[in-house]
Structures are given as structure tokens and as C-alpha cells.
Amino acid sequence: MKRPTKFVFVTGGVLSGVGKGITAASIGNILKARGLSVNLQKCDPYLNVDAGTLNPREHGECFVTKDGAETDLDLGHYERFLDQELTSSSSLMSGRVLLKVIQDERAGLYKGEDVQIIPHLTAAIQDYIINAGEGFDVHIVEIGGTVGDYESLSFIEAIRELGIRVGRENCLYVHVVYLPFLGTSKETKTKPAQNSVRELRGLGISPDILVARSEEMPVESVREKLSLFCGVAPRAIAMLPNASSIYEVPLTLEDTDIADVITEQLDLKVKKPDLKAWREVVKRAQTKHSRKVTVGIVAKYMDNQDTYMSVFEALKSAALWNDTDIELKWVDAEKIEKNDVAEMLKGCDGIVVPGGFGTRGLEGKITAAQYALKNKLPYLGLCLGLQMAVIAAARNAGLTDASTKELNPAAKDLVITTMEGQEGKENTGGTMRLGNYDCNLAAGSLAQKVYKADKIVERHRHRYECNNDYRDQYESWGIRASGTSPDNHLVEIIEGIDHPYFLSSQFHPEFKSRPNRPHPMFNGFIEYLAGKK
Ligand code: GLN
């Protein structure tokens, strides 16, 4: 008989932003280390259908799955902590479920019934959750927001009902709370956590496990107090003080009893945990290295690092695995437009031009790429960064009006443009080239050298492409297309010809990078920079 999937639900209370996503991902990590197959899913209360139309400045990076779903950045943490590619089923926003229920109603599938939040919407949510968990030993579901938010009520009700639908013995509820420290009385306060658990109980869910976040490790009596007032056994309470690196969190949780509590309560047969590879990641993250590289990130969102979360993580991992410290220097692309580019890039061993949308800062990015080409400054272009590189090469070669349709549709030389059939969809959701596409690498190229492969598969999220009308001019501009789609119709990678390290991809390699396995595009770049030290 097939074993039933076991569900672990992760809710949050007191405050948002205390690391519920990292906690969910870390639980996944330590369960997977015990030989279990694990999936993770984020339920977000936004009425958006997906994260594709959300502003990254407020919401952080839009993470893309291999099957092309545009999702919340927490999925990036999930993939990195699980070392596993997820699919669109791992991301569920309210808008998607509402759309489905309303479409079903219009199609007459409810056969005259009143369509209601309970049971119809909550059943639809459960269907999505159960389908996402299909085939896995454990399915971990994080509910976005904090308990008691008006917006997330239907998700909370859905996971309560799910305990009845699949059996309470197959479900476990983890509640992540925050314990404030009061400077005046030098005390860790548990009242907000107690209130939050009461709120959750009021909604019909008694947590099986509490994860208590705090700045510092609280005194032991705090656990007893939490246990008494929240009705959770002391060994099912995990203290999680601030960590110096997020990668430590799985190891901190491993040192508590909660993995045992989960596996016992869900009756899961497990092996001894194998966390060797992960301990190596943490060790490297804590080591101070003798070499250091400084990488300039030429970008437009300077005030929120979450916007480039996966890029940042990929660079960091590559540095750690090359025994190198890394300093990221944020270079405001808009400022390059009004200032001396050489001055602004001073001190950078290499630059990265990450992905982006819209016209702001594009001229600055093109100028930076022109400078990198002319001055042999190492360059890594990611999606938009490739498009800027092609324009830069064209302009350096004398096509002074070269541009992208995104910036100037009337430009004389649109070296980057839309493909046939894409016109007029610039502001709509889900219409870009999204998810996995195959790419062939040219023999003898830098791309082939860093990948040590001839064929690769990478994830995309963009609308514009290299204009094939200009491809036969590339060599005269000092660049070449060293990665193309198998039919040779789409340019996937550009590199400099007479340049020590100039490499750009139309795809987003950062999504496939792992803390324990840096992506070749980032590894190659950092390896080159570190080799010069
Ligand atoms: N704005 C560009 C495009 O749509 C690049 C997108 C990106 O960097 N993700 O093609």
C-alpha cells in the first residue's frame, strides 16, 4: 500500500519577517537529511494570481521555477535549503484559488449550489495542497502572513479542515513566534507568543511544535513558561535565537528535539541524519578567508537587497567555495548616467549587471558594459545584463543609436527586440519566456569552459531577445553568441572575444545555484577574480 503523505503546516504569529520561510525550509532540510522525500509549498494571502506582477522593490525578487511559475522569493530559500528543484505547485496565492473557484462556478461545476468560502474555497485550497504533496513522504506548507490576519483566514481554516480530511495523525502544526526582549527589565517576554497561540487555538488549531525566535538565547525558564501557557511539550519547543548566517538554522534546529517530535508524531521511519554537506556549507560561511574580491552590482534598486536575493546568494556561495571573501559594492545605475563611470566602478574587481525591467537606469548599465568591454573589466550579465552587453558592444563599434525596444522602440538599431507574436503584451501577466529552455554551448567557448558541458538547461524570465538581424555583425563588435537554443534561433549566451572575462546569459543562472554547489556562471566568474589575487 502507498504510504500517505504527511503534512507539516507552518504558521506565524506576533510579527512577520522573523524567518518563517527559513524555518520551514530548515525543517525540510533536516527531514530530507533523514532520507525522507520532501516538498515545500508557500501559501500567500495576496489576491494576485502569481508574483509576476508584484513590484520587486517592495516584495523582493520574483523567483522562477523550472516549469515557469513566477513566485515568492521564499521558494528560492526552499530550493537552496532542500537542494531540489520545485515546480509551480509549490506556490499558491489566493488569487489563483479564487480564480479557479470562480471559473468553476461560471462553468456550472457547482450545479446550483451556493458557492461559499467554507466549504468551497477551503476545499479548493486543500486540493491544491494535497496535489502538491502527492508522491512525497512529507509536504511542508508555509502559510504567509501572521495568524489572525483577515487575509489569511481561509488558508488557516483550510489547513484545520485538512487535519480532518486526511487524518490528524497525518498532520502536524508548527507555529513560529517571536519573543521580544525588554531592555528595561532585562526580560524575555512570552505574552505576545501566548496571545498568538490563543488566537490560533481560537481558529481551531492547537500547535504541536513552537519555534521561538529571539535576538539572544533566552533563559531556560522561558521554555517552561511557554510550555505551560501554550500547551506545547517542552521538547517540542525549539529556541531559535538570531544566527550569524541563515545556513546555520537547520543545524540549530537539528540540535533541538523537534525532528524527533515530527518523525515520532507522524510515525515516519527515518535513517540517521546525514548533514555532512550542510555542515561544510556552514563551516565555509563562518571562515574568514585570506583572499577577498570586490564585485560591483550595477543596479537600480539600491535600498532592498531582497530584490536580488538569489544573485547575492549565488555570488556568496561561489566565493565561499573558492575560499574567498566577497564584498558587494552597490553601484547606482542612474548615477552612472550623470557621473564618471571609471570613478564609479573604481575598486571593483569585476561587475555584475543583474536582471531588471523598465527604462530607469538602463543607460547607466549600458555605459558600465561599454566600459567593461573597453577596459577589459570582468563582467557577468544576467538576463537584462546580456541585453545591455549587446547594446554596449554595438555602440562601441559605432552604432550609436543601438538600443532595446524596452528603452527606445524608435531607435535606429534595435539590437534587442521582441519576437514575433509578443508585441503588445508588455504589461500583462504570464506572457514572458518563462522557465526551462535548452541551450547548446559553442566548442572552445568560455561558456563551455565554465560549465564543462556542451548542453545545458536554464531558467528564463524575460520578454526581449537578441535581434537575429544583427548576429552576423557580432564578431566585428568584439562579442560572440556562444550559447544558443538548439534550433539556433535564440541567443542564450554572449561572451567577449578579446576579453579576459566577459560572459552574459539571457537566462537567470542564479535560480539554480546552491549553497553547497555554486552555479558554473558564478563559480567561473569568482574563480577568475580570485585567481588574480
Ligand atoms: N526587461 C528585460 C526583458 O524583459 C530583461 C528581463 C530580466 O532581466 N529578467 O527581456
May I have all residue pairs that pass ring pair (Phe, Tyr, Trp, His ring centres under 6.0 Å) and include part of residues 334-385, sequence neighbours excluded?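 Only Tyr379-Phe502 qualify under ring pair (Phe, Tyr, Trp, His ring centres under 6.0 Å).
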
Look at [X] together with [Y] and state whether they make a salt bridge at an N to O cut-off of under 4.0 Å.
X: Arg291; Y: Asp325; value: no
X: Lys189; Y: Glu187; value: yes
X: Asp44; Y: Lys42; value: yes
X: Glu142; Y: Lys20; value: yes
X: Arg461; Y: Glu70; value: yes
X: Glu79; Y: Arg514; value: yes
X: Asp83; Y: Lys32; value: no
X: Glu254; Y: Arg34; value: yes

With distance as the sole criterion, is a donor-acceptor pair present between the side chains of [X] and [Y] under 3.5 Å?
X: Glu280; Y: Asn516; result: no
X: Arg213; Y: Asn242; result: yes
X: Glu495; Y: Ser482; result: yes
X: Asp67; Y: Ser88; result: yes
X: Ser244; Y: Glu248; result: yes
X: Lys405; Y: Thr418; result: yes

Are any side-chain N or O atoms of [X] and backbone N or O atoms of [Y], one a donor and one an acceptor, separated by less than 3.5 Å?
X: Thr256; Y: Ala238; answer: no
X: Ser476; Y: Gln473; answer: yes
X: His77; Y: Ser26; answer: no
X: Gln448; Y: Gly483; answer: no
X: Asn396; Y: Leu373; answer: no
X: Asp50; Y: Gly52; answer: yes
X: Asn523; Y: Pro518; answer: no
X: Thr71; Y: Phe63; answer: yes
X: Asp349; Y: Thr294; answer: yes
X: Asp332; Y: Glu334; answer: yes

Residue [X] excluded, over 12 heavy atoms near [atom1] under 6.0 Å:
X: Lys329; atom1: NZ; answer: yes
X: Lys335; atom1: NZ; answer: no
X: Lys376; atom1: NZ; answer: yes
X: Tyr46; atom1: OH; answer: no
X: Asp340; atom1: CG; answer: yes

Evaluate the side-chain proximity of [Y] to [X]: yes if any heavy-atom separation is below 4.5 Å, no if none is.
X: Tyr178; Y: Pro192; answer: no
X: Leu380; Y: Phe522; answer: yes
X: Thr417; Y: Thr404; answer: no
X: Phe525; Y: Pro378; answer: yes
X: Asp306; Y: Phe312; answer: no
X: Glu458; Y: Phe511; answer: no
X: Glu216; Y: Pro241; answer: no
X: Val415; Y: Trp477; answer: yes

Identified side-chain contact (heavy atoms from CB on, under 4.5 Å) partner of Leu328 from the options Val352, Val311, Ile297: Ile297

Distance, nearest 0.5 Å, that separates [atom1] of [X] from [atom2] of [Y]:
X: Asn339; Y: Thr367; atom1: CG; atom2: OG1; result: 11.0 Å
X: Ile493; Y: Thr484; atom1: CD1; atom2: OG1; result: 9.0 Å
X: Ile326; Y: His289; atom1: CD1; atom2: NE2; result: 11.0 Å
X: Asn39; Y: Ser89; atom1: CG; atom2: OG; result: 5.5 Å
X: Leu441; Y: Lys452; atom1: CG; atom2: NZ; result: 12.5 Å
X: Asn29; Y: Leu31; atom1: CG; atom2: CG; result: 9.0 Å

Which is it for Arg433 and Glu492 under the salt bridge (Lys or Arg N to Asp or Glu O under 4.0 Å) test, yes or no, and what are the steps along the way? CA-CA 12 Å; Arg433 181 145 82 100; Glu492 295 281 11; 3.1 Å; yes

Evaluate salt bridge (Lys or Arg N to Asp or Glu O under 4.0 Å) for Arg480 paired with Glu475, printing each intermediate quantity in order. CA-CA 6 Å; Arg480 69 162 168 153; Glu475 295 218 355; 5.9 Å; no

Could you go step by step and tell me if His175 and Thr11 meet the side chain to side chain donor-acceptor pair (under 3.5 Å) rule? CA-CA 5 Å; His175 193 50; Thr11 54; 2.7 Å; yes

Only one of His508, Arg80, Glu510 forms a side chain to side chain donor-acceptor pair (under 3.5 Å) with Ser310, so which one is it?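 The residue from His508, Arg80, Glu510 that satisfies side chain to side chain donor-acceptor pair (under 3.5 Å) with Ser310 turns out to be Arg80.
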
Against Glu85, only a single residue in Lys66, Lys512, Arg459 fulfils side chain to side chain donor-acceptor pair (under 3.5 Å); can you say which?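 For Glu85, the side chain to side chain donor-acceptor pair (under 3.5 Å) test succeeds with only one of Lys66, Lys512, Arg459, which is Arg459.
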
Applying ring pair (Phe, Tyr, Trp, His ring centres under 6.0 Å), name anything that partners Tyr437, two or more places apart in sequence or on another chain.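 His460.
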
Do Asp72 and His59 pass the side chain to side chain donor-acceptor pair (under 3.5 Å) test, and can you show the C-alpha distance, the side-chain angles, and the key distance before you say yes or no? CA-CA 8 Å; Asp72 186 271; His59 198 78; 3.2 Å; yes

Scan residues 390-402 for pairs that pass salt bridge (Lys or Arg N to Asp or Glu O under 4.0 Å), counting only residues two or more places apart or in two chains.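 Counting only pairs at least two positions apart or across chains, the salt bridge (Lys or Arg N to Asp or Glu O under 4.0 Å) contacts touching residues 390-402 are Glu363-Arg395.
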
Looking only at heavy atoms, the pair that brings Leu40 and Leu86 closest together is O-CD1, 4.3 Å

Can you classify the ring geometry of His519 versus Tyr451 as parallel (below 30°), tilted (30 to 60°) or perpendicular (above 60°)? perpendicular

Asn322/Arg284 under side chain to side chain donor-acceptor pair (under 3.5 Å): CA gap, chis, key distance, verdict: CA-CA 10 Å; Asn322 281 287; Arg284 283 176 182 267; over 6 Å; no

